[in-house]
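All remarks here apply to the structure that follows.
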Amino acid sequence: MDIEVVEERFVRPNVLELTVRSSAVDTTVTVFVITPHDWAPGTKRNWPVLYLLHGGDDGPTCWLERTDIVSRALAHPGGLLVVLPEGGRAGFYTDWRRPKSPAWHRFHTVELRLLLEERYGAGQSRAIAGVSMGGYGAVMYAARNPGMFLAVASYSGLLHTTRRGAPMLLRYFLRSVGERMNAMWGPRWLRRVVWAENNPYLLAEKLIGTPLYIAAGDGTRVPGDPPVQGDRLLERLVAPASRAFARRMADLGHPVCTSFGHGTHDWPSWQREMDQSWDFLTAPLTEG
């Protein structure tokens with residue numbers, strides 16, 4: 001196996017922090033695993049798994065700090081493993097084309113998945129969800145690996161990467177964190193195939209039969225939500241891609257569950273969507 005556990009420790013009850021060295025990303029990264037009440041090291045039992053992917057310029061601790069995921073997971077009847085993996089500040093859950101660049105897709109869907117199944121009680125019954133960049137990643141992983149996930153949710157994901165304005169938005173974000181678009185997928189007009197292979201909208205047919213929950217706000221802040229700079233504008237820029245993706249799925253005869261109401265590009269909106277989609281994500285899961 002091309003992944004090695006460097007350190008493991010419980011940072012709080014039922015929250016296991018793994019430090020792993022991965023050949024796919026050529027560095028050491030952090031993964032948090034929320035374990036069921038009756039989980040123990042060396043367990044021979046398998047549990048269903050929910051993967052939660054973080055957004056851009058963030059890390060896996062956001063789920064622990066900004067949501068109620070720990071108490072929610074521990075209350076799940078029958079037990080549930082929740083995996084919060086690192087995905088890079090701007091990794092976009094993709095295998096970058098530049099030499100010696102990270103292969104996040106391979107890390108998450110091959111290396112980490114096999115490690116969790118062999119050593120930590122992860123079963124074959126899986127669901128996946130993510131916010132922003134992670135919402136894109138959740139849908140992409142399902143499209144690139146048909147049948148791997150029994151349910152998928154995207155909260156404010158950029159699900160049509162070549163829609164008008166989307167490439168510019170991607171380029172702006174990557175530059176803001178010191179990365180270059182060409183290092184990830186290459187120039188759009190010279191690497192059309194690579195861009196197409198990383199566009200959920202163009203991979204929609206591969207998602208027929210997969211239960212999908214697609215959420216995006218309209219940029220209107222819900223009364224009581226704290227103001228965050230840029231949260232309204234960013235959601236107005238990203239949301240049309242999610243709506244276009246949902247229309248594409250409907251055109252293919254596979255309408256998806258949608259939530260397109262008030263909300264912004266920030267955690268209060270995403271927590272509400274997780275509340276609303278929790279049963280959608282976890283009901284298909286059975287003990288692995």
Side-chain angles (χ1 to χ4, degrees), residues 12 15 32 34 50-76 80 82 84 87 89-90 127-139 151-160 163-166 168-170 172-173 176-177 200 211-247 249-250 255-283:
R12 54 196 270 198
V15 180
F32 293 94
I34 303 172
L50 172 62
Y51 290 85
L52 295 177
L53 308 182
H54 66 79
D57 203 16
D58 211 339
T61 57
C62 61
W63 291 99
L64 302 173
E65 297 166 353
R66 304 298 301 273
T67 76
D68 63 349
I69 186 57
V70 175
S71 59
R72 183 178 289 276
L74 292 176
H76 183 72
L80 179 69
V82 178
L84 315 173
R89 290 181 66 194
I128 189 168
V131 299
S132 190
M133 181 181 80
Y136 163 85
V139 176
V152 180
S154 168
Y155 314 132
S156 302
L158 187 66
L159 303 184
H160 188 349
R163 188 182 184 277
R164 185 177 61 183
M168 184 179 298
L169 186 62
L170 279 170
Y172 175 82
F173 170 66
S176 73
V177 296
L212 295 163
Y213 180 98
I214 307 300
D218 61 2
T220 301
R221 189 174 294 127
V222 173
D225 287 355
V228 174
Q229 184 175 5
D231 62 336
R232 292 179 293 181
L233 175 60
L234 187 53
E235 192 69 358
R236 292 187 186 116
L237 293 173
V238 170
S242 288
R243 295 190 180 96
F245 174 81
R247 289 194 298 270
M249 294 303 301
V256 303
C257 183
T258 59
S259 179
F260 296 146
H262 292 334
T264 66
H265 209 80
D266 195 33
W267 283 101
S269 293
W270 298 333
Q271 172 70 68
R272 282 190 293 270
E273 293 300 342
M274 188 169 72
D275 293 344
Q276 188 165 309
S277 59
W278 183 254
D279 289 344
F280 177 94
L281 284 170
T282 59

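Positions are given from 1 along the sequence. Everything numeric here is computed off the predicted structure, so don't read it as measured data.
Between Ile214 and Leu159 there is a side-chain heavy-atom pair separated by less than 4.5 Å. Proximity of Leu169 to Leu234: side-chain heavy atoms (C-beta onward) are separated by under 4.5 Å at one or more points. Residues Asp68 and Met274 are in side-chain contact: their nearest non-hydrogen atoms beyond the backbone lie under 4.5 Å apart. Here the side chains of Thr282 and Leu80 are in contact, with some heavy-atom distance below 4.5 Å. Side-chain atoms of Arg72 and Val82, non-hydrogen and from C-beta on, never get closer than 4.5 Å to each other.
Every residue two or more places apart in sequence or in another chain that forms a side chain to side chain contact (heavy atoms under 4.5 Å, CB included) with His160 is listed here: Thr162, Arg163, Asn199, Tyr201, Ala241, Ala244. Residues meeting the side chain to side chain contact (heavy atoms under 4.5 Å, CB included) test with Met133, sequence neighbours left out: His54, Phe92, Tyr93.
When all heavy atoms of Trp267 and Thr67 are compared, the closest pair comes out as CZ3-CG2, 3.4 Å. Residues Trp63 and Val131 approach most closely at CH2-CG1, 3.7 Å, considering heavy atoms. The shortest heavy-atom contact between Thr264 and Trp270 is O-NE1, 4.2 Å. Heavy-atom minimum distance, Ser154 versus Val139: CB-CG2, 3.8 Å. In plain terms, the two heavy atoms of Ser277 and Tyr155 that are nearest each other are OG-OH, 2.6 Å. Across all non-hydrogen atoms, the minimal contact from Ser132 to His265 is OG-NE2, 2.8 Å.
Atom NE2 of His262 has 12 or fewer neighbouring heavy atoms from other residues, nucleotides or ligands inside a 6.0 Å radius. Enclosure of atom OH in Tyr172 is not indicated, since only 12 or fewer non-hydrogen atoms of other residues, nucleotides or ligands lie within 6.0 angstrom.
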Legend entry - Stepwise side chain to side chain contact (heavy atoms under 4.5 Å, CB included) check, Trp278 with Leu50: CA-CA 10 Å; Trp278 183 254; Leu50 172 62; 3.6 Å; yes
Inset, instruction - Could you please spell out the steps behind the side chain to side chain contact (heavy atoms under 4.5 Å, CB included) verdict for Leu64 and Ile34? - result: CA-CA 10 Å; Leu64 302 173; Ile34 303 172; 4.2 Å; yes
Inset, instruction - Begin from the C-alpha positions of Phe245 and Thr258 and carry the test side chain to side chain contact (heavy atoms under 4.5 Å, CB included) through to its verdict. - result: CA-CA 11 Å; Phe245 174 81; Thr258 59; over 6 Å; no
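His76 NE2 to Asp279 CG: the interatomic distance, rounded to the nearest 0.5 Å, is 9.0 Å. One distance of note links CG of Leu84 with SG of Cys62; it measures 8.0 Å at 0.5 Å rounding. For the atom pair CZ of Arg89 and CZ of Phe173, the computed distance is 7.5 Å after rounding to the nearest 0.5 Å. Atom CD1 of Ile69 sits about 5.0 Å away from atom CG of Leu52, to the nearest 0.5 Å.
Checked for salt-bridge contact, Arg66 and Asp58 miss the test: no charged N lies under 4.0 Å from a carboxylate O.
Side chain of Glu273 to backbone of Ala215: no donor-acceptor contact under 3.5 angstrom is found.
Judged by distance alone, the side chains of Thr220 and Asp218 do bring a donor and an acceptor atom under 3.5 Å apart.
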